[in-house]
Amino acid sequence: MPKYDSWKEMPIAGVIDKPATAREYNTGTWRIMRPIVDKDACINCMQCWLYCPDMAIDGIVKEDGKTEMVGFNYDYCKGCGTCAKVCPVNAITMKPETEFLK
Amino acid sequence: MPTKLAITGAAAVAHAMRQINPDVVAAYPITPQTPIVEYFAQFVADGVVDTVMVPVESEHSAMSAVVGSAAAGARTMTATAANGLALMFEIVYIAASMRLPIVMPIVNRALSGPINIHGDHSDAYAVRDAGWIQLMSENSQEAYDLTIIATKLAEREEVLTPAMVNLDGFITSHGVEGVEILDDEVVKDFVGQWEPKYPLLDVDNPITHGPLDLFDYYFEHHRQQQEGLKNAYKALPEVFAEYEKISGRKYDFLDLYKMEDAEYVMVVMNSAASTAKYVVDELREKGIKAGLIKPWVFTPFPKKEFLEALDGRKAVVVLDRAMSFGKEAPLYSLVKSALYEAKERPMIGSYVYGLGGRDVTPAMLHIPFEEAMKGELDPNEERYLGLKE
(Lines give C-alpha, C1' and ligand atoms only; values in the text may rest on other atoms or scores of the structure.)
Protein backbone atom coordinates (compact mmCIF):
# COMPACT_ATOMS: atom_id res chain seq x y z
CA MET A 1 0.00 0.00 0.00
CA PRO A 2 1.35 3.43 -0.87
CA LYS A 3 2.27 5.85 1.89
CA TYR A 4 -0.40 8.32 2.99
CA ASP A 5 -0.06 11.19 5.42
CA SER A 6 -3.74 11.84 6.16
CA TRP A 7 -6.96 9.86 6.54
CA LYS A 8 -8.53 12.35 4.16
CA GLU A 9 -6.41 11.34 1.19
CA MET A 10 -6.32 7.54 1.42
CA PRO A 11 -8.93 5.29 -0.22
CA ILE A 12 -11.70 4.32 2.22
CA ALA A 13 -12.12 0.88 3.73
CA GLY A 14 -8.46 -0.11 3.48
CA VAL A 15 -8.95 -0.66 -0.23
CA ILE A 16 -5.69 -0.84 -2.17
CA ASP A 17 -6.82 0.85 -5.35
CA LYS A 18 -4.06 -0.36 -7.65
CA PRO A 19 -2.10 -3.58 -8.01
CA ALA A 20 1.60 -4.31 -7.32
CA THR A 21 2.07 -1.86 -4.48
CA ALA A 22 3.72 -4.29 -2.03
CA ARG A 23 7.09 -2.65 -2.69
CA GLU A 24 5.67 0.64 -1.37
CA TYR A 25 4.62 -0.92 1.93
CA ASN A 26 7.35 -0.41 4.49
CA THR A 27 7.37 -3.44 6.75
CA GLY A 28 10.33 -1.92 8.61
CA THR A 29 7.91 0.04 10.80
CA TRP A 30 7.55 -3.09 12.96
CA ARG A 31 11.24 -2.98 14.03
CA ILE A 32 12.11 -2.52 17.69
CA MET A 33 15.89 -3.25 17.39
CA ARG A 34 17.96 -1.50 14.74
CA PRO A 35 21.15 -3.01 13.30
CA ILE A 36 24.13 -0.62 13.15
CA VAL A 37 27.29 -1.56 11.28
CA ASP A 38 30.81 -0.51 12.25
CA LYS A 39 32.35 -0.14 8.79
CA ASP A 40 35.88 0.02 10.27
CA ALA A 41 35.43 -3.50 11.58
CA CYS A 42 33.36 -4.88 8.64
CA ILE A 43 35.33 -7.18 6.30
CA ASN A 44 32.64 -7.09 3.54
CA CYS A 45 32.24 -10.87 3.60
CA MET A 46 28.52 -10.41 2.77
CA GLN A 47 27.36 -13.09 5.21
CA CYS A 48 24.74 -10.60 6.45
CA TRP A 49 23.50 -10.04 2.88
CA LEU A 50 23.30 -13.82 2.38
CA TYR A 51 21.37 -14.52 5.58
CA CYS A 52 19.03 -11.48 5.77
CA PRO A 53 15.47 -12.90 5.43
CA ASP A 54 14.13 -9.59 4.10
CA MET A 55 16.86 -8.68 1.60
CA ALA A 56 17.37 -5.56 3.66
CA ILE A 57 21.20 -5.46 3.41
CA ASP A 58 22.43 -3.13 0.71
CA GLY A 59 25.54 -4.31 -1.07
CA ILE A 60 27.45 -3.45 -4.22
CA VAL A 61 29.97 -5.14 -6.49
CA LYS A 62 32.85 -2.80 -7.10
CA GLU A 63 34.81 -2.38 -10.37
CA ASP A 64 37.51 -4.72 -9.13
CA GLY A 65 34.90 -7.43 -8.64
CA LYS A 66 34.94 -7.26 -4.85
CA THR A 67 31.77 -6.89 -2.84
CA GLU A 68 31.00 -4.20 -0.32
CA MET A 69 28.34 -4.08 2.38
CA VAL A 70 27.06 -0.50 2.35
CA GLY A 71 24.30 -0.50 4.98
CA PHE A 72 20.70 -1.47 5.76
CA ASN A 73 17.41 -0.77 4.07
CA TYR A 74 15.43 0.30 7.11
CA ASP A 75 12.19 0.44 5.09
CA TYR A 76 12.16 -3.36 5.18
CA CYS A 77 14.52 -4.40 8.01
CA LYS A 78 12.37 -5.85 10.80
CA GLY A 79 15.25 -5.93 13.27
CA CYS A 80 15.45 -9.72 13.62
CA GLY A 81 19.18 -9.55 14.39
CA THR A 82 20.22 -12.42 12.11
CA CYS A 83 22.86 -10.20 10.48
CA ALA A 84 24.42 -9.37 13.84
CA LYS A 85 24.42 -13.05 14.81
CA VAL A 86 26.13 -14.29 11.64
CA CYS A 87 28.70 -11.49 11.37
CA PRO A 88 32.11 -13.24 11.84
CA VAL A 89 33.78 -10.07 13.19
CA ASN A 90 30.88 -8.75 15.35
CA ALA A 91 30.73 -5.55 13.31
CA ILE A 92 26.92 -5.30 13.63
CA THR A 93 25.26 -4.29 16.90
CA MET A 94 21.51 -4.17 17.60
CA LYS A 95 20.33 -0.97 19.24
CA PRO A 96 16.83 -0.27 20.63
CA GLU A 97 14.68 1.89 18.34
CA THR A 98 13.90 4.07 21.36
CA GLU A 99 17.39 5.56 20.92
CA PHE A 100 16.33 6.89 17.53
CA LEU A 101 12.91 8.33 18.40
CA LYS A 102 12.55 11.89 17.27
CA MET B 1 -51.04 5.09 -7.34
CA PRO B 2 -49.87 3.68 -4.01
CA THR B 3 -51.58 0.48 -2.93
CA LYS B 4 -52.90 -0.08 0.55
CA LEU B 5 -52.37 -3.65 1.71
CA ALA B 6 -53.26 -5.39 4.96
CA ILE B 7 -49.98 -7.19 5.62
CA THR B 8 -47.52 -8.03 8.37
CA GLY B 9 -44.39 -6.00 9.04
CA ALA B 10 -42.34 -8.86 7.63
CA ALA B 11 -44.33 -8.78 4.38
CA ALA B 12 -44.00 -4.98 4.25
CA VAL B 13 -40.21 -5.26 4.50
CA ALA B 14 -40.18 -8.05 1.89
CA HIS B 15 -42.18 -5.78 -0.47
CA ALA B 16 -39.65 -2.99 0.07
CA MET B 17 -36.88 -5.47 -0.77
CA ARG B 18 -38.79 -6.61 -3.88
CA GLN B 19 -39.05 -3.03 -5.08
CA ILE B 20 -35.41 -2.27 -4.26
CA ASN B 21 -34.60 -5.40 -6.30
CA PRO B 22 -31.18 -6.23 -4.84
CA ASP B 23 -28.70 -8.19 -6.97
CA VAL B 24 -28.00 -10.61 -4.12
CA VAL B 25 -29.74 -11.68 -0.91
CA ALA B 26 -27.98 -14.19 1.35
CA ALA B 27 -29.88 -15.07 4.48
CA TYR B 28 -30.47 -17.70 7.11
CA PRO B 29 -33.87 -18.02 8.77
CA ILE B 30 -34.29 -17.13 12.43
CA THR B 31 -37.42 -16.38 14.41
CA PRO B 32 -38.91 -13.77 14.12
CA GLN B 33 -37.11 -12.69 10.92
CA THR B 34 -38.10 -15.88 9.04
CA PRO B 35 -41.18 -14.54 7.21
CA ILE B 36 -39.15 -11.72 5.61
CA VAL B 37 -36.89 -14.28 3.98
CA GLU B 38 -39.84 -16.58 3.16
CA TYR B 39 -41.79 -13.82 1.41
CA PHE B 40 -38.71 -12.65 -0.41
CA ALA B 41 -37.76 -16.20 -1.49
CA GLN B 42 -41.26 -16.44 -2.97
CA PHE B 43 -40.61 -13.27 -5.01
CA VAL B 44 -37.37 -14.82 -6.25
CA ALA B 45 -39.10 -18.11 -7.10
CA ASP B 46 -41.87 -16.23 -8.92
CA GLY B 47 -39.29 -14.33 -10.96
CA VAL B 48 -40.56 -10.89 -9.95
CA VAL B 49 -37.07 -9.83 -8.84
CA ASP B 50 -33.66 -10.23 -10.47
CA THR B 51 -32.07 -11.28 -7.20
CA VAL B 52 -29.69 -14.19 -6.74
CA MET B 53 -30.86 -15.79 -3.50
CA VAL B 54 -28.14 -17.57 -1.54
CA PRO B 55 -29.45 -19.91 1.16
CA VAL B 56 -26.51 -20.25 3.52
CA GLU B 57 -25.76 -22.56 6.43
CA SER B 58 -25.56 -19.95 9.20
CA GLU B 59 -25.72 -16.23 9.87
CA HIS B 60 -21.92 -16.07 10.00
CA SER B 61 -22.01 -17.33 6.41
CA ALA B 62 -24.89 -15.00 5.51
CA MET B 63 -22.97 -11.90 6.52
CA SER B 64 -19.77 -13.26 4.96
CA ALA B 65 -21.62 -13.90 1.69
CA VAL B 66 -23.15 -10.44 1.59
CA VAL B 67 -19.76 -8.85 2.31
CA GLY B 68 -18.29 -10.74 -0.65
CA SER B 69 -21.23 -9.86 -2.83
CA ALA B 70 -21.22 -6.16 -1.95
CA ALA B 71 -17.45 -5.97 -2.43
CA ALA B 72 -18.00 -7.45 -5.89
CA GLY B 73 -20.22 -4.43 -6.56
CA ALA B 74 -23.68 -5.97 -6.17
CA ARG B 75 -26.54 -4.31 -4.31
CA THR B 76 -26.89 -6.72 -1.43
CA MET B 77 -29.31 -7.32 1.42
CA THR B 78 -29.88 -9.77 4.23
CA ALA B 79 -32.02 -9.86 7.37
CA THR B 80 -31.67 -11.36 10.81
CA ALA B 81 -32.59 -11.17 14.50
CA ALA B 82 -31.02 -11.53 17.94
CA ASN B 83 -28.89 -14.68 18.10
CA GLY B 84 -28.49 -14.66 14.33
CA LEU B 85 -27.06 -11.18 14.60
CA ALA B 86 -24.84 -12.39 17.42
CA LEU B 87 -23.49 -15.16 15.20
CA MET B 88 -22.84 -12.56 12.47
CA PHE B 89 -21.13 -10.23 14.92
CA GLU B 90 -17.56 -10.58 13.65
CA ILE B 91 -18.56 -9.85 10.05
CA VAL B 92 -20.99 -7.09 11.02
CA TYR B 93 -17.97 -4.97 11.99
CA ILE B 94 -16.11 -6.01 8.85
CA ALA B 95 -19.01 -4.99 6.58
CA ALA B 96 -18.90 -1.52 8.13
CA SER B 97 -15.13 -1.19 7.97
CA MET B 98 -15.15 -2.29 4.32
CA ARG B 99 -17.74 0.46 3.72
CA LEU B 100 -20.20 -1.83 1.98
CA PRO B 101 -23.71 -0.35 1.81
CA ILE B 102 -25.54 -3.53 2.81
CA VAL B 103 -29.09 -3.02 4.07
CA MET B 104 -30.21 -5.43 6.79
CA PRO B 105 -33.62 -5.44 8.46
CA ILE B 106 -33.27 -6.57 12.09
CA VAL B 107 -36.42 -8.03 13.61
CA ASN B 108 -35.63 -7.11 17.18
CA ARG B 109 -35.66 -10.05 19.56
CA ALA B 110 -34.21 -10.70 23.00
CA LEU B 111 -30.68 -12.04 22.95
CA SER B 112 -30.19 -15.30 24.79
CA GLY B 113 -29.94 -16.20 27.55
CA PRO B 114 -32.16 -17.40 28.91
CA ILE B 115 -33.38 -18.35 25.46
CA ASN B 116 -36.32 -16.29 24.33
CA ILE B 117 -37.75 -15.58 20.89
CA HIS B 118 -39.78 -12.43 21.63
CA GLY B 119 -39.14 -8.79 21.07
CA ASP B 120 -36.73 -6.51 22.85
CA HIS B 121 -33.84 -4.30 21.81
CA SER B 122 -30.86 -6.16 23.23
CA ASP B 123 -29.82 -7.19 19.70
CA ALA B 124 -29.88 -3.64 18.30
CA TYR B 125 -27.95 -2.30 21.27
CA ALA B 126 -25.37 -5.11 21.05
CA VAL B 127 -24.22 -3.80 17.66
CA ARG B 128 -24.55 -0.08 18.40
CA ASP B 129 -20.77 0.38 18.09
CA ALA B 130 -20.34 -1.80 14.99
CA GLY B 131 -20.35 1.18 12.62
CA TRP B 132 -23.74 0.64 10.98
CA ILE B 133 -26.51 3.18 10.48
CA GLN B 134 -29.44 2.12 12.72
CA LEU B 135 -32.96 3.21 11.82
CA MET B 136 -35.88 2.37 14.12
CA SER B 137 -39.48 1.72 13.15
CA GLU B 138 -42.67 1.91 15.18
CA ASN B 139 -44.86 -0.09 12.82
CA SER B 140 -45.00 -1.90 9.48
CA GLN B 141 -45.38 1.28 7.45
CA GLU B 142 -42.24 2.74 8.96
CA ALA B 143 -40.34 -0.53 8.49
CA TYR B 144 -41.28 -0.44 4.79
CA ASP B 145 -40.41 3.24 4.36
CA LEU B 146 -37.14 3.07 6.30
CA THR B 147 -35.92 0.04 4.32
CA ILE B 148 -36.19 2.11 1.14
CA ILE B 149 -34.69 5.18 2.83
CA ALA B 150 -31.81 3.09 4.23
CA THR B 151 -30.88 1.87 0.74
CA LYS B 152 -30.71 5.39 -0.65
CA LEU B 153 -28.73 6.65 2.33
CA ALA B 154 -26.24 3.79 2.65
CA GLU B 155 -25.25 3.91 -1.02
CA ARG B 156 -24.44 7.62 -1.12
CA GLU B 157 -20.77 8.00 -1.94
CA GLU B 158 -19.93 10.20 1.04
CA VAL B 159 -21.79 7.78 3.36
CA LEU B 160 -21.02 4.23 2.09
CA THR B 161 -22.00 2.70 5.40
CA PRO B 162 -24.23 -0.33 5.90
CA ALA B 163 -27.63 0.20 7.47
CA MET B 164 -29.90 -1.77 9.78
CA VAL B 165 -33.64 -1.21 9.82
CA ASN B 166 -35.07 -2.29 13.16
CA LEU B 167 -38.62 -3.50 13.67
CA ASP B 168 -39.99 -5.16 16.79
CA GLY B 169 -40.18 -8.94 16.75
CA PHE B 170 -43.73 -10.33 16.46
CA ILE B 171 -45.43 -7.06 17.45
CA THR B 172 -44.42 -5.44 14.15
CA SER B 173 -43.05 -8.37 12.15
CA HIS B 174 -46.11 -10.62 12.58
CA GLY B 175 -48.87 -8.10 13.30
CA VAL B 176 -51.14 -7.32 10.34
CA GLU B 177 -51.66 -3.62 9.63
CA GLY B 178 -52.58 -1.40 6.75
CA VAL B 179 -49.41 -0.53 4.82
CA GLU B 180 -49.23 1.83 1.87
CA ILE B 181 -46.97 0.37 -0.79
CA LEU B 182 -45.57 2.81 -3.35
CA ASP B 183 -45.56 2.01 -7.04
CA ASP B 184 -42.68 -0.23 -8.08
CA GLU B 185 -41.41 2.34 -10.58
CA VAL B 186 -41.42 5.11 -7.98
CA VAL B 187 -39.23 3.08 -5.61
CA LYS B 188 -37.01 1.96 -8.48
CA ASP B 189 -36.39 5.59 -9.50
CA PHE B 190 -35.88 6.65 -5.89
CA VAL B 191 -33.18 4.10 -5.07
CA GLY B 192 -31.65 4.24 -8.55
CA GLN B 193 -28.68 2.13 -9.53
CA TRP B 194 -25.76 1.74 -7.14
CA GLU B 195 -22.47 2.70 -8.79
CA PRO B 196 -19.85 1.01 -6.58
CA LYS B 197 -16.56 2.85 -6.28
CA TYR B 198 -14.33 -0.22 -5.93
CA PRO B 199 -16.11 -3.24 -7.46
CA LEU B 200 -14.03 -6.41 -7.36
CA LEU B 201 -15.66 -7.49 -10.63
CA ASP B 202 -14.03 -4.59 -12.47
CA VAL B 203 -11.18 -6.77 -13.72
CA ASP B 204 -9.67 -3.95 -15.79
CA ASN B 205 -8.91 -2.07 -12.57
CA PRO B 206 -7.70 -4.66 -10.10
CA ILE B 207 -7.97 -3.64 -6.46
CA THR B 208 -7.65 -5.29 -3.06
CA HIS B 209 -10.47 -5.38 -0.51
CA GLY B 210 -9.93 -6.16 3.16
CA PRO B 211 -6.14 -6.36 3.45
CA LEU B 212 -4.30 -6.56 6.77
CA ASP B 213 -4.33 -3.07 8.27
CA LEU B 214 -1.97 -2.70 11.21
CA PHE B 215 -0.94 0.24 13.35
CA ASP B 216 -0.02 2.32 10.34
CA TYR B 217 -3.54 2.90 8.91
CA TYR B 218 -6.21 1.08 11.00
CA PHE B 219 -6.69 4.25 13.05
CA GLU B 220 -7.15 6.38 9.92
CA HIS B 221 -9.70 3.94 8.48
CA HIS B 222 -11.71 4.18 11.68
CA ARG B 223 -11.56 7.96 11.44
CA GLN B 224 -12.96 7.61 7.90
CA GLN B 225 -15.81 5.45 9.23
CA GLN B 226 -16.62 8.16 11.75
CA GLU B 227 -16.74 10.63 8.84
CA GLY B 228 -19.09 8.28 6.98
CA LEU B 229 -21.50 8.38 9.93
CA LYS B 230 -21.12 12.16 10.20
CA ASN B 231 -21.96 12.38 6.51
CA ALA B 232 -24.96 10.10 7.06
CA TYR B 233 -26.14 12.55 9.72
CA LYS B 234 -25.78 15.41 7.22
CA ALA B 235 -27.44 13.46 4.39
CA LEU B 236 -30.43 12.17 6.36
CA PRO B 237 -32.57 15.35 6.19
CA GLU B 238 -32.07 15.44 2.42
CA VAL B 239 -32.97 11.76 1.96
CA PHE B 240 -36.00 12.17 4.24
CA ALA B 241 -37.13 15.18 2.19
CA GLU B 242 -36.73 13.27 -1.07
CA TYR B 243 -38.74 10.40 0.37
CA GLU B 244 -41.47 12.75 1.52
CA LYS B 245 -41.80 13.94 -2.09
CA ILE B 246 -42.56 10.43 -3.36
CA SER B 247 -44.57 9.17 -0.40
CA GLY B 248 -46.08 12.14 1.42
CA ARG B 249 -44.70 10.69 4.64
CA LYS B 250 -42.41 12.90 6.66
CA TYR B 251 -39.48 11.44 8.58
CA ASP B 252 -36.88 13.13 10.74
CA PHE B 253 -34.26 12.17 13.32
CA LEU B 254 -36.95 12.29 15.99
CA ASP B 255 -40.67 11.68 15.86
CA LEU B 256 -42.00 14.47 18.08
CA TYR B 257 -45.49 13.77 19.39
CA LYS B 258 -47.38 16.60 21.11
CA MET B 259 -44.06 18.19 22.01
CA GLU B 260 -44.81 21.88 21.28
CA ASP B 261 -45.69 22.73 24.89
CA ALA B 262 -44.86 19.42 26.58
CA GLU B 263 -43.57 19.56 30.15
CA TYR B 264 -43.32 15.82 30.81
CA VAL B 265 -41.64 13.89 28.04
CA MET B 266 -41.30 10.16 27.45
CA VAL B 267 -38.53 8.86 25.17
CA VAL B 268 -39.13 5.40 23.76
CA MET B 269 -38.15 3.47 20.63
CA ASN B 270 -40.13 1.31 18.22
CA SER B 271 -43.55 -0.24 18.75
CA ALA B 272 -44.04 0.74 22.41
CA ALA B 273 -44.21 4.34 21.15
CA SER B 274 -47.70 3.57 19.82
CA THR B 275 -48.82 2.66 23.35
CA ALA B 276 -46.99 5.70 24.70
CA LYS B 277 -48.81 8.01 22.25
CA TYR B 278 -52.10 6.59 23.52
CA VAL B 279 -50.99 7.33 27.10
CA VAL B 280 -49.91 10.87 26.12
CA ASP B 281 -53.40 11.41 24.64
CA GLU B 282 -55.01 10.20 27.89
CA LEU B 283 -52.85 12.59 29.92
CA ARG B 284 -53.59 15.47 27.54
CA GLU B 285 -57.32 14.87 28.07
CA LYS B 286 -56.69 15.46 31.77
CA GLY B 287 -54.90 18.71 30.93
CA ILE B 288 -51.41 17.36 31.61
CA LYS B 289 -48.81 18.61 29.18
CA ALA B 290 -47.33 15.26 28.22
CA GLY B 291 -45.28 14.57 25.09
CA LEU B 292 -43.32 11.83 23.42
CA ILE B 293 -40.08 11.53 21.49
CA LYS B 294 -39.42 8.45 19.42
CA PRO B 295 -36.08 8.34 17.60
CA TRP B 296 -36.29 7.18 14.00
CA VAL B 297 -32.51 7.33 13.90
CA PHE B 298 -30.44 5.68 16.63
CA THR B 299 -27.07 5.73 14.82
CA PRO B 300 -25.85 8.35 13.99
CA PHE B 301 -27.30 9.35 17.36
CA PRO B 302 -29.26 12.63 17.05
CA LYS B 303 -27.67 14.26 20.09
CA LYS B 304 -28.23 17.85 18.99
CA GLU B 305 -31.89 17.15 18.18
CA PHE B 306 -32.43 15.57 21.61
CA LEU B 307 -30.85 18.57 23.32
CA GLU B 308 -33.05 21.00 21.38
CA ALA B 309 -36.17 18.96 22.05
CA LEU B 310 -35.57 18.41 25.77
CA ASP B 311 -33.83 21.57 27.01
CA GLY B 312 -36.16 23.43 29.37
CA ARG B 313 -38.77 20.66 29.87
CA LYS B 314 -39.79 19.79 33.41
CA ALA B 315 -38.98 16.08 33.28
CA VAL B 316 -37.80 13.39 30.88
CA VAL B 317 -38.36 9.66 31.32
CA VAL B 318 -36.33 7.38 29.05
CA LEU B 319 -37.54 3.84 28.39
CA ASP B 320 -35.15 1.09 27.36
CA ARG B 321 -36.23 -2.34 26.13
CA ALA B 322 -32.91 -3.89 27.20
CA MET B 323 -30.47 -3.71 30.06
CA SER B 324 -26.86 -2.76 30.04
CA PHE B 325 -25.64 -4.86 32.95
CA GLY B 326 -23.61 -2.85 35.40
CA LYS B 327 -24.17 0.38 33.49
CA GLU B 328 -26.98 2.75 32.67
CA ALA B 329 -29.46 1.57 30.02
CA PRO B 330 -28.23 2.43 26.51
CA LEU B 331 -30.83 4.94 25.30
CA TYR B 332 -30.99 6.53 28.76
CA SER B 333 -27.24 7.09 28.95
CA LEU B 334 -27.19 8.66 25.48
CA VAL B 335 -30.13 10.97 26.16
CA LYS B 336 -28.64 11.92 29.53
CA SER B 337 -25.33 12.67 27.84
CA ALA B 338 -27.11 14.80 25.23
CA LEU B 339 -28.48 16.94 28.06
CA TYR B 340 -25.02 17.81 29.41
CA GLU B 341 -25.12 21.17 27.64
CA ALA B 342 -28.75 21.95 28.47
CA LYS B 343 -29.38 25.46 29.72
CA GLU B 344 -32.34 24.35 31.81
CA ARG B 345 -31.69 20.73 32.58
CA PRO B 346 -34.88 18.69 33.11
CA MET B 347 -35.29 16.03 35.79
CA ILE B 348 -34.56 12.66 34.26
CA GLY B 349 -35.36 9.03 35.01
CA SER B 350 -34.51 5.63 33.55
CA TYR B 351 -37.08 2.86 33.06
CA VAL B 352 -36.47 -0.62 31.68
CA TYR B 353 -39.54 -2.34 30.24
CA GLY B 354 -40.77 -5.20 28.06
CA LEU B 355 -37.75 -7.50 28.23
CA GLY B 356 -38.14 -10.80 26.39
CA GLY B 357 -41.38 -9.59 24.83
CA ARG B 358 -43.19 -8.83 28.09
CA ASP B 359 -46.38 -6.97 27.26
CA VAL B 360 -46.37 -3.19 27.52
CA THR B 361 -49.68 -1.77 28.77
CA PRO B 362 -50.95 1.81 28.98
CA ALA B 363 -51.17 1.43 32.79
CA MET B 364 -47.47 0.58 32.82
CA LEU B 365 -46.55 3.63 30.80
CA HIS B 366 -48.54 5.92 33.10
CA ILE B 367 -46.14 5.12 35.96
CA PRO B 368 -43.08 7.07 34.69
CA PHE B 369 -45.29 10.10 33.94
CA GLU B 370 -46.85 9.92 37.43
CA GLU B 371 -43.45 9.66 39.11
CA ALA B 372 -42.19 12.58 37.01
CA MET B 373 -45.17 14.73 37.96
CA LYS B 374 -44.65 13.95 41.66
CA GLY B 375 -41.01 15.00 41.32
CA GLU B 376 -39.86 11.52 42.25
CA LEU B 377 -37.34 10.90 39.49
CA ASP B 378 -33.84 9.85 40.48
CA PRO B 379 -31.23 10.13 37.71
CA ASN B 380 -29.14 7.41 39.34
CA GLU B 381 -31.85 4.82 39.84
CA GLU B 382 -32.90 2.34 37.16
CA ARG B 383 -36.55 1.43 37.56
CA TYR B 384 -38.48 -1.45 36.06
CA LEU B 385 -41.93 -1.45 34.47
CA GLY B 386 -43.92 -4.70 34.76
CA LEU B 387 -41.24 -6.53 36.74
CA LYS B 388 -42.40 -9.08 39.36
CA GLU B 389 -40.78 -7.12 42.20
Side-chain angles (χ1 to χ4, degrees), chain A residues 1-36 48 51-58 71-85 93-102, chain B residues 66-68 70-73 76 91-102 130-132 154-162 195-232:
Chain A
M1 187 174 180
K3 193 169 163 44
Y4 295 104
D5 293 325
S6 164
W7 63 270
K8 291 172 193 156
E9 63 185 47
M10 61 184 75
I12 60 164
V15 164
I16 300 170
D17 61 356
K18 50 183 175 292
T21 56
R23 222 177 257 278
E24 298 171 49
Y25 185 67
N26 297 340
T27 48
T29 56
W30 307 353
R31 188 179 55 247
I32 58 165
M33 296 293 280
R34 180 183 296 203
I36 301 293
C48 54
Y51 277 91
C52 176
D54 275 306
M55 297 189 287
I57 309 288
D58 290 331
F72 304 94
N73 184 338
Y74 292 120
D75 285 347
Y76 299 105
C77 168
K78 298 192 187 77
C80 69
T82 301
C83 53
K85 191 84 178 170
T93 49
M94 300 301 292
K95 295 198 168 177
E97 279 294 328
T98 49
E99 290 183 17
F100 304 96
L101 286 177
K102 283 174 216 157
Chain B
V66 298
V67 161
T76 306
I91 325 294
V92 169
Y93 273 69
I94 292 170
S97 77
M98 288 176 69
R99 308 296 296 277
L100 304 171
I102 297 155
W132 287 54
E155 291 177 358
R156 282 174 70 121
E157 187 167 334
E158 82 279 21
V159 176
L160 283 178
T161 298
E195 300 293 345
K197 197 172 178 188
Y198 300 115
L200 276 174
L201 288 180
D202 178 7
V203 291
D204 293 329
N205 297 292
I207 47 108
T208 303
H209 265 285
L212 185 68
D213 194 16
L214 301 178
F215 36 62
D216 32 16
Y217 295 128
Y218 177 92
F219 200 165
E220 281 69 28
H221 290 128
H222 272 227
R223 179 62 187 84
Q224 290 178 333
Q225 279 182 255
Q226 191 72 293
E227 198 68 7
L229 265 303
K230 282 185 183 184
N231 290 338

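If you're wondering where the values come from, they're calculated on a predicted model, not measured in any experiment. Each chain gets a letter, A, B and so on, in the order the sequences are listed, and its residues count up from 1.
Crowding of Glu158(B) atom CD: a count of heavy atoms from other residues, nucleotides or ligands under 6.0 Å exceeding 12. More than 12 non-hydrogen atoms from other residues, nucleotides or ligands lie less than 6.0 angstrom from CZ of Phe100(A). When the shell of 6.0 Å around CD1 of Ile32(A) is examined, it contains 12 or fewer heavy atoms from other residues, nucleotides or ligands.
Residue contact with chain A, scored on non-hydrogen atoms closer than 4.5 Å, involves the side chain of Leu160(B) exclusively. Heavy atoms of Phe215(B) lying under 4.5 Å from chain A belong exclusively to its side chain. Contacts between Asn205(B) and chain A at a heavy-atom distance below 4.5 Å are absent for every atom of the residue.
Taking chain A as the reference chain and counting heavy-atom pairs below 4.5 Å, the highest number among Arg223(B), Lys197(B), Gln225(B) is found for Arg223(B). With respect to chain A, the highest number of heavy-atom pairs below 4.5 Å among Ser97(B), Pro206(B), Ala71(B) belongs to Pro206(B).
Contact record, Ile207(B) with Lys18(A): CG2-N, 4.3 Å, taken as the closest heavy-atom pair. The minimum heavy-atom distance linking Arg99(B) with Ala13(A) is given by the pair CG-CB, 3.5 Å.
Under the 3.5 Å distance criterion, the side-chain polar atoms of Tyr4(A) are left unmatched by any main-chain donor or acceptor of Tyr217(B). Side-chain atoms of Glu227(B) do not come within 3.5 Å of backbone N or O of Lys8(A) as any donor-acceptor pair.
Expressed to the nearest 0.5 Å, how far OG1 of Thr161(B) lies from CD1 of Ile12(A) amounts to 8.0 Å.
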